[in-house]
*Asks:* 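Right, I'll just put the structure down here and ask away after.
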Amino acid sequence: MGHTAAQRAGTGGLTATEHRLANGLRVVLSEDHLTPVAAVCLWYDVGSRHEVEGRTGLAHLFEHLMFQGSAQVTGNGHFELVQGAGGSLNGTTSFERTNYFETMPAHQVELALWLEADRMGSLLTALDDESMENQRDVVKNERRQRYDNVPYGTAFERLTAMAYPEGHPYHHTPIGSMADLDATSLEDAREFFRTYYAPGNAVLSVVGDIDTEQTLAWIEKYFGSIPAHDRKQPPRDGSLPDVIGRQLRQVVREEVPSRALMAAYRLPHDGTREADAADLALTVLGGGESSRLHNRLVRHDRSAVAAGFGLLRLAGAPSLGWLDVKASAGAEVSAIEAAVDEELARFALEGPTAQEMERAQAQLEREWLDRLATVSGRADELCRFAVLFGDPQLALTAVQRVLDITPEEVRAVAKSRLHPDNRAVLVYEPTGPQADADAQADDNAQEQETAQ
């Protein structure tokens, strides 16, 4: 087992050691004896960007299949053992990775490591038609509940499809389509496991009240015998021009609570100074009730009941700046959009004030510190930086990088990216009872203008 340890300036006293097993598994450990708990986090370098046409949603489906039993743990045994030991667990899938995680009482860390190793090494022995059909139905139900049958549920899917062109690896979201989920076979799932669920395609982090040498011994014991293999193909190229070059637009007429304006802007790749500058710009513009867009649209114009702007960080493709404005009754989306563009143009010209810059940096600093303060959050970030950027130590210095960004860098990224020719726009127009209410509100507003 290889071993390196590092402590860098700006880490706030946090440390992490890095190790590698002979089969290629990367291991990151961070001792923290503040509380008697520990987090085990395992990231596989596979997400929806690795999927091929006709098999979208397979990465997310497989995340569910990983909880359906392995050689020595049948059925829901993974959940039962972890929860019975006083722990919690889950898994998630994104464009760029699939992760699995447990937070355990410190004396139960060995159990979590054994469970993760068992399914990494032996899931195929338990993967059958019954578990496949069971989890296919679960994922389809999840799609209905989170996307198809909730107000504005398909907004993210629609904007992603516009911001990333047909054929781009980020054109579809991790949830996948119903047709592709139906078409996925048991052999597709088995081949997916053989390709991506290998020690050399994963990073394991353990953070908390642990003894490093003992933890390494357990990891070697349970993961070390899993054979190395490398069948993975690199993901398709996700590069795109910095800006879209024109405004893309779609109007959706659905039974939603109110009119809405949503937009996605192409922004710099994660892991760059420009991405940190963009994060600060969006925080000033739409990060909370002190932001410019909230003050303009909700407090001053009263044309919206909510206005937010956030960053979806992506490493293998341009990140997305996500604008979400829910209109007040009777408010016209065209007026809201004009006000948004006015605020963005002013920000691109002037940049943030000193007070705005200080507040935005403090807000992002607090979010980062909150994340790193928990064993589960730190374990996740160590995995993220190891998988996406090759260096888990970058997680411990992320706060300082945000604080190093200058107001001019924030203004520059806003000027180059936050304009109408670099966005996909989604406008929601209500149907049904809400449409009648909005029409009545429009009539009342027109009568008031006439009376004045």
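Hydrogens, waters and symmetry mates are skipped; everything else that's a heavy atom, side chains included, is used. Not measured: the values here are computed from a predicted model.
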*Asks:* I'd like to know if the side chain of S122 and the backbone of T125 have a donor-acceptor N/O pair within less than 3.5 Å.
*Replies:*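 No, the answer is negative, given that no donor and acceptor are paired below the 3.5 Å cut-off.
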
*Asks:* Salt bridge check, R313 against D276: does any charged N sit closer than 4.0 Å to a carboxylate O?
*Replies:*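 Salt bridge flag = yes for R313 with D276.
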
*Asks:* Just wondering, are more than 12 heavy atoms of other shown residues or ligands nearer than 6.0 Å to NZ in K232?
*Replies:*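 More than 12 within 6.0 Å, yes.
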
*Asks:* Do L204 and V28 have side-chain heavy atoms sitting under 4.5 Å apart?
*Replies:*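 Of all side-chain heavy-atom pairs linking V28 with L204, none is under 4.5 Å.
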
*Asks:* Side chain to side chain donor-acceptor pair (under 3.5 Å) for E102 and Q108? Distances and angles first, verdict last.
*Replies:* CA-CA 10 Å; E102 295 89 5; Q108 294 286 4; over 6 Å; no

*Asks:* How close do I226 and P199 get, counting heavy atoms only, and between which atoms?
*Replies:*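 The pair with the smallest heavy-atom distance is CG2-CG, 3.6 Å.
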
*Asks:* Looking at R423, R346, R296, which hits salt bridge (charged side-chain N to carboxylate O under 4.0 Å, His left out) with D341?
*Replies:*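 Only one option passes, and that is R423.
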
*Asks:* Would you call the rings of Y100 and Y44 parallel, tilted or perpendicular, where under 30° means parallel and over 60° means perpendicular?
*Replies:*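 Aromatic pair Y100/Y44 classed perpendicular.
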
*Asks:* Please round to the nearest 0.5 Å and tell me the distance separating atom CG of L42 and atom CE of M66.
*Replies:*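 Result: 7.0 Å between the selected atoms.
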
*Asks:* Evaluate side chain to side chain contact (heavy atoms under 4.5 Å, CB included) for D45 paired with H50, printing each intermediate quantity in order.
*Replies:* CA-CA 9 Å; D45 186 8; H50 297 88; 4.0 Å; yes

*Asks:* Any side-chain heavy atom of V252 within less than 4.5 Å of one from Y152?
*Replies:*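 Not in contact.
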
*Asks:* Report yes if the side chains of P174 and F95 come closer than 4.5 Å at any heavy-atom pair, otherwise no.
*Replies:*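 Counting from C-beta outward, P174 and F95 do come under 4.5 Å.
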
*Asks:* Return the minimal non-hydrogen interatomic distance between L311 and S319, and the atom names on each side.
*Replies:*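 Closest heavy-atom pair between L311 and S319: CD1-CB, 3.9 Å.
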
*Asks:* For the OG1 atom of T406 and the CE atom of M357, what is their distance to the nearest 0.5 Å?
*Replies:*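 CE of M357 is found 6.0 Å from OG1 of T406.
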
*Asks:* What is the distance from atom CG of L349 to atom CG of L344, rounded to the nearest 0.5 Å?
*Replies:*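 Between L349 CG and L344 CG, I get 12.5 Å after rounding to 0.5 Å.
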
*Asks:* Could R146 and E157 be called an ion pair, given the rule that one side-chain N must be under 4.0 Å from one carboxylate O?
*Replies:*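 Salt bridge: no.
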
*Asks:* Do E274 and H269 touch side chain to side chain, with heavy atoms closer than 4.5 Å?
*Replies:*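 When only atoms from C-beta onward are counted, H269 and E274 do not touch, as no gap falls below 4.5 Å.
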
*Asks:* May I have the step-by-step check of side chain to side chain donor-acceptor pair (under 3.5 Å) for H19 and T17, ending in yes or no?
*Replies:* CA-CA 7 Å; H19 318 265; T17 59; 2.8 Å; yes

*Asks:* Just by modelled atom types, is the V402 backbone N or O under 3.5 Å from a matching donor or acceptor in the E365 side chain?
*Replies:*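 It does not hold such a pair.
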
*Asks:* May I ask you to decide whether K415 forms a salt bridge with E408, counting only side-chain N to carboxylate O separations under 4.0 Å?
*Replies:*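 No.
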
*Asks:* Spell out, as yes or no, whether a donor-acceptor pair under 3.5 Å connects the side chain of R158 to the backbone of V425.
*Replies:*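 Not confirmed, R158 side chain does not pair with V425 backbone.
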
*Asks:* Is the side chain of R20 donor-acceptor paired with the backbone N or O of L25 at a distance under 3.5 Å, no angle test?
*Replies:*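 Not at all, since once roles are kept as given, no pair shorter than 3.5 Å links the two residues.
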
*Asks:* Under a 4.5 Å cut-off applied to non-hydrogen side-chain atoms, are D391 and F385 in contact?
*Replies:*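 Heavy-atom side-chain distance check fails, nothing below 4.5 Å.
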
*Asks:* Has the side chain of S131 got a donor or acceptor atom that lies under 3.5 Å from a matching backbone atom of L127?
*Replies:*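 No: the side chain of S131 does not pair with the backbone of L127.
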
*Asks:* Kindly indicate whether the side chain of L364, heavy atoms from C-beta on, has any atom under 4.5 Å from the side chain of V399.
*Replies:*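 Of all side-chain heavy-atom pairs linking V399 with L364, none is under 4.5 Å.
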
*Asks:* Just wondering, are more than 12 heavy atoms of other shown residues or ligands nearer than 6.0 Å to CD in E358?
*Replies:*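 Counting neighbours around CD of E358, 12 or fewer heavy atoms of other residues, nucleotides or ligands fall under 6.0 Å, so no.
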
*Asks:* When T92 is tested against each of E63, H60, R97 for side-chain hydrogen bond (donor to acceptor under 3.5 Å, both in side chains), which residue passes?
*Replies:*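 Among the candidates, only R97 passes.
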
*Asks:* What distance separates E110 CD from I210 CD1, expressed to the nearest 0.5 Å?
*Replies:*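 So the gap between those two atoms works out to 13.5 Å.
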
*Asks:* Do E96 and R384 sit within salt-bridge range, that is, some charged N less than 4.0 Å from a carboxylate O?
*Replies:*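 So E96 does not pair with R384 through a salt bridge.
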
*Asks:* What verdict does the ring pair (Phe, Tyr, Trp, His ring centres under 6.0 Å) test give for F62 and Y197, after you've listed the backbone C-alpha separation in whole Å, the side-chain angles of each residue and the deciding distance to 0.1 Å?
*Replies:* CA-CA 10 Å; F62 208 88; Y197 279 74; 4.9 Å; yes

*Asks:* Does a salt bridge link D324 with K326, judged by any charged N lying under 4.0 Å from a carboxylate O?
*Replies:*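 So D324 pairs with K326 through a salt bridge.
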
*Asks:* Under 3.5 Å, is there a donor-acceptor pair between the side chain of N295 and the main chain of S291?
*Replies:*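 Yes; at least one donor-acceptor contact below 3.5 Å.
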
*Asks:* Distance-only, no hydrogens or angles: does the R26 side chain make a donor-acceptor pair with backbone N or O of G390 under 3.5 Å?
*Replies:*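 Yes; at least one donor-acceptor contact below 3.5 Å.
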
*Asks:* Examine distances only and state if a side-chain atom of Q72 and a backbone atom of D118 form a donor-acceptor pair shorter than 3.5 Å.
*Replies:*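 Flag not set: sc Q72 to bb D118 has no pair under 3.5 Å.
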
*Asks:* Is the NZ or CZ atom of R119 positioned over F67's six-membered ring, under 6.0 angstrom from the centre and within 45° of the axis?
*Replies:*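 Ring-cation test returns yes.
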
*Asks:* Measure across M132 and S185 and return the closest heavy-atom pair with its distance rounded to 0.1 Å.
*Replies:*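 Looks like CE-O, 3.3 Å.
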
*Asks:* Applying side chain to side chain donor-acceptor pair (under 3.5 Å), run through N149 and Q145 and close with a yes or a no.
*Replies:* CA-CA 6 Å; N149 297 334; Q145 292 173 355; over 6 Å; no

*Asks:* If I compare all heavy atoms of A85 with all of L111, which pair ends up nearest, and what's the gap?
*Replies:*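 Closest pair (atom of A85, atom of L111, distance): CB-CD2, 3.9 Å.
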
*Asks:* Just by distance, do the side chain of E51 and the backbone of L58 share a donor-acceptor pair under 3.5 Å?
*Replies:*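 Answer holds: yes.
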
*Asks:* Given T374 and R378, is the side chain to side chain donor-acceptor pair (under 3.5 Å) satisfied, shown in steps?
*Replies:* CA-CA 6 Å; T374 67; R378 198 184 323 157; over 6 Å; no

*Asks:* Any salt bridge linking R417 with D242? Criterion: basic side-chain nitrogen under 4.0 Å from a carboxylate oxygen.
*Replies:*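 Looking at D242 together with R417, the answer is yes, because their closest N to O distance falls below 4.0 Å.
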
*Asks:* Nearest 0.5 Å, please: how far is OG in S94 from CG in L314?
*Replies:*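 One finds 8.0 Å between CG of L314 and OG of S94.
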
*Asks:* Ring centres under 6.0 Å, that's the criterion: do Y147 and F156 meet it?
*Replies:*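 Not close enough - the centres of the two rings lie 6.0 Å or further apart.
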
*Asks:* Suppose we call two aromatic rings close when their centres sit under 6.0 Å apart. Are Y164 and H171 close by that rule?
*Replies:*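 No, they do not, as the ring centres are separated by 6.0 Å or more.
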
*Asks:* Any chance CZ of R246 has more than 12 other-residue heavy atoms, nucleotides or ligands included, within less than 6.0 Å?
*Replies:*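 No - once you tally the heavy atoms of other residues, nucleotides and ligands closer than 6.0 Å, there are 12 at most.
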
*Asks:* Ignoring hydrogens, what is the shortest heavy-atom contact between E337 and L261? Give both atom names and the distance.
*Replies:*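 Closest heavy-atom pair between E337 and L261: CA-CD2, 3.9 Å.
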
*Asks:* Assess whether atom CD of E187 is packed by more than 12 heavy atoms of other residues, nucleotides or ligands within 6.0 Å.
*Replies:*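 Enclosed: over 12 neighbouring heavy atoms sit under 6.0 Å from CD of E187.
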
*Asks:* Decide yes or no for D209 and T35: does some side-chain heavy atom of the first lie under 4.5 Å from some side-chain heavy atom of the second?
*Replies:*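 No, too far: nothing below the 4.5 Å cut-off.
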
*Asks:* Measure the CZ-CG distance between R266 and L418 for me, rounded to the nearest 0.5 Å.
*Replies:*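 Output value for this atom pair is 14.0 Å.
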
*Asks:* Taking the side chain as C-beta and beyond, is there a heavy-atom pair between R49 and R236 under 4.5 Å?
*Replies:*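 R49 does not reach R236 side chain to side chain.
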
*Asks:* Can you check salt bridge (charged side-chain N to carboxylate O under 4.0 Å, His left out) on R411 and E350, steps first, answer last?
*Replies:* CA-CA 7 Å; R411 188 199 67 80; E350 302 171 356; over 6 Å; no

*Asks:* Got a sec: does the CD of E289 have more than 12 other heavy atoms crowding it under 6.0 Å?
*Replies:*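 Counting neighbours around CD of E289, 12 or fewer heavy atoms of other residues, nucleotides or ligands fall under 6.0 Å, so no.
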
*Asks:* Please give me the minimum heavy-atom distance between H168 and G238, naming the atom from each residue.
*Replies:*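 Closest approach of H168 to G238, heavy atoms only: NE2-O, 2.8 Å.
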
*Asks:* Are the side chain of R136 and the backbone N or O of L181 linked by a donor-acceptor pair below 3.5 Å?
*Replies:*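 Judged by distance alone, yes, a pair lies under 3.5 Å.
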
*Asks:* Got a salt bridge between E381 and R371, using NZ or NE/NH1/NH2 to carboxylate O under 4.0 Å?
*Replies:*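 Yes, charged N to carboxylate O under 4.0 Å.
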
*Asks:* For Y265 together with F309, are the ring centres under 6.0 Å from each other?
*Replies:*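 F309 vs Y265: aromatic centres under 6.0 Å.
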
